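Following: one structure in structure tokens, then a few remarks.
Lettering follows sequence order; numbering is per chain, from 1. It should be emphasised that the depicted structure is a prediction, and the values quoted were computed from it without experimental measurement. FYI, side chains are in, hydrogens and waters are out, and symmetry mates aren't considered; it's all heavy atoms of this structure.
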Amino acid sequence: MSSPAMSSPSLPAAPHAALTEPKGVRVLLIATAIGFLALFLLLPLAVVFAEALSKGLGNYLATFAEPDAQAAIRLTLLVALISVPLNVVFGIAASWAIAKFDFRGRNLLITLIDLPFSVSPVVAGLIYVLIFGSQGVLGPFLQRHGIEIIFAVPGIVLATVFVTFPFVARELIPLMQDQGTTDEEAALTLGASPWRVFLTVTLPNIKWALLYGVLLCNARAMGEFGAVSVVSGRIRGLTNTMPLHVEILYNEYNYVAAFGIASLLALLALVTLAGKTFLEWRHADALAGRGAH
Amino acid sequence: MVAGFAPSDALAAPRGRAEAEPVAARTVRKPGSEVRVDGIVKTFSGDGPAALEGVSLAIAPGELLALLGPSGSGKTTLLRVIAGLEIPDAGRVFFGATDTTDVPVQRRGVGFVFQHYALFRHLTVFENIAYGLRSRERSRRPGEAEIRRRVGQLLDLVQLPTLASRYPGQLSGGQRQRVALARALAVEPSVLLLDEPFGALDAQVRKDLRRWLREIHRETGQTTVFVTHDQDEALELADRIAILNRGRIEQVGAPHEVQDDPASRFVMSFVGETARVAADIAGGQVWVDGRAALRAREDWPEGPVDLCLRPWHLTVGGDEAALLGTVREWRRTARGTVAEILLDGSDSPVEVKVTDVHRKGDRVALQASEARVFPRG
């Protein structure tokens with residue numbers, strides 16, 4: 001009975017103690033987190049590089065000299081080069097409309113932007129097959145005019161654009177909503193044309209978030225498997241992107257080549273991660289208004 | 001006091017360099033425009049800003065006019081309509097003889113200062129001020145040297161000559177608002193519009209900037225409209241005050257006019273402390289609780305009225321035909337003794353200067369040297 005009363009003199013220290021777990025618990029929690037990360041993230045990453053280099057550096061580099069591999073890399077870059085800028089334009093337009101204007105159907109638009117996140121990529125690919133495929137709604141029309149979409153580059157680009165659509169808009173909407181419209185109004189009263197307002201006021205205000213969105217969008221565009229695999233038809237050297245090529249090589253028991261290409265994708269992920277970390281650091285700086293730059 | 005804020009006598013410094021002409025005269029002096037709004041109607045759907053219900057107002061060239069009103073009275077909406085940031089549903093806006101209602105905001109030539117500054121955070125102070133000049137179409141755009149000269153003069157005018165290369169994030173609130181003003185003046189606007197310019201600043205900076213804005217206005221002679229909900233600010237700064245309530249103008253007049261001769265009960269209670277007593281006028285007397293409390297003026301209307309009194313027009317004493325009240329509180333201050341008195345027929349107490357000692361609960365008679373009545377209902 002007396003022990004609660006005894007402990008009362010030490011009450012001032014209580015708030016501090018209340019926020020700190022016993023040392024054993026802390027060690028356990030941290031060890032669990034690190035163990036989990038190591039097992040599920042770091043180990044696979046290490047395996048990718050280990051397998052890729054298992055037959056020596058020469059064999060590793062030879063993977064990239066192979067014409068089909070080069071075609072896959074080229075196609076992946078091409079797809080990213082088309083779909084990322086498209087999504088930048090769509091993303092800015094959509095978030096501009098949502099953040100700066102109040103209109104009917106605004107919430108519907110926000111929901112629609114999120115749709116690609118909630119739809120399975122395979123379904124996303126199938127949608128395009130059903131629309132543009134030879135048995136699809138527009139199939140006969142496209143065939144008559146000799147336009148190839150499914151099992152060709154346009155289909156791959158369409159599927160990639162669909163899957164990556166939310167990345168830029170999702171980054172920009174909260175920031176633009178937070179910033180409001182007074183900066184733009186100020187520029188307008190100073191006589192700036194709407195285009196100049198966009199270039200000199202809106203764009204600089206969102207540039208770090210935009211770049212962050214572009215990075216994530218790019219990583220996904222290059223790494224997308226499901227949707228692209230449905231529409232591509234996997235024609236070697238023609239419609240194979242890097243992720244698809246990895247799977248083909250793996251199924252052919254060509255582990256060195258498969259992990260070689262995979263290591264390139266993993267490297268991209270690491271670069272994206274580093275870029276993201278750097279941007280978050282810069283971004284926070286700019287948002288705090290200290291952005292001397 | 002904010003770091004870097006020059007005291008008011010530093011105002012003389014820039015002027016000293018060019019004896020004959022104040023800095024502002026060379027920079028921004030141009031004959032101010034008359035601004036007139038005529039029957040402005042603006043409604044918003046949902047719970048947006050306040051609406052306007054047919055507002056007409058003329059602002060003389062070079063005048064410093066305050067739009068005063070409680071929040072939701074439509075004062076900011078009116079300012080934004082003048083600027084062209086809101087399109088009115090009906091009514092016209094004139095700058096001088098020109099109908100500018102359909103002129104887009106970019107070409108209207110207004111300087112607008114926002115409550116939260118709205119400085120471009122990625123640009124230096126210099127580039128912020130130069131923004132308007134650089135935004136002009138090529139034929140009217142001044143050269144780089146000219147831009148430098150003009151921005152330099154404006155920095156002198158707002159007393160921030162050393163801060164040109166800073167970023168807005170590195171400035172205090174008062175400094176930011178002065179940069180915002182310089183930026184607005186740089187485009188040589190025909191009218192300067194300020195939306196609660198001191199609203200986000202603390203009391204001391206507010207006071208300094210108020211005095212400073214008066215100085216700037218005197219130097220530039222710019223037609224200026226500013227929005228405020230602070231009656232002191234309006235009374236101290238403005239040549240004339242327009243008092244808005246629920247989307248309508250209740251009164252426009254010089255500070256002493258709206259204070260001494262309020263046109264409505266709302267104006268009376270909004271500018272200056274007021275005691276309001278429910279009364280009836282009949283037979284040349286003002287009746288409160290069935291007692292004759294005051295002789296009615298001839299032009300006062302018969303029937304139920306609100307009798308409005310300024311505390312400084314009340315004295316305790318006298319006997320017949322007096323207002324009655326109960327002492328709620330009595331205290332000594334450095335400037336004498338004050339009683340807090342709840343008048344019969346009123347629902348909020350007033351502070352009246354007294355000479356005698358009073359106790360809580362004392363009944364007192366009061367004489368009013370001046371009073372106003374407004375029909376009730």
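At a threshold of 4.0 Å, the pair B:Arg134-B:Glu144 counts as salt-bridged, since one of the basic side-chain nitrogens sits closer than that to a carboxylate oxygen.
Of the atoms belonging to B:Ala180, not a single heavy atom falls under 4.5 Å from chain A. The contact between B:Arg80 and chain A is made entirely by side chain atoms (from C-beta outward), counting heavy-atom distances below 4.5 Å. Contact annotation for B:Leu119: only backbone heavy atoms (N, CA, C, O) come within less than 4.5 Å of a heavy atom of chain A. The parts of A:Thr200 that come within reach of chain B are both its backbone and its side chain, each placing non-hydrogen atoms under 4.5 angstrom from that chain. Within the 4.5 angstrom heavy-atom criterion, only side-chain atoms of B:Phe114, from C-beta onward, approach chain A.
No more than 12 heavy-atom neighbours from other residues, nucleotides or ligands sit within 6.0 angstrom of CZ on A:Phe36.
Of the residues considered (B:Thr124, B:Leu85, B:Val113), B:Leu85 shows the highest number of contacts with chain A, using heavy-atom pairs under 4.5 Å.
For the pair A:Val88/A:Leu210, a side-chain contact is recorded, criterion being any heavy-atom separation below 4.5 Å from C-beta on. For the pair B:Leu133/B:Arg136, a side-chain contact is recorded, criterion being any heavy-atom separation below 4.5 Å from C-beta on.
Within the cation-pi definition used here (under 6.0 Å to the ring centroid, within 45° of the axis), B:Arg183 does not qualify as a partner of B:Phe112.
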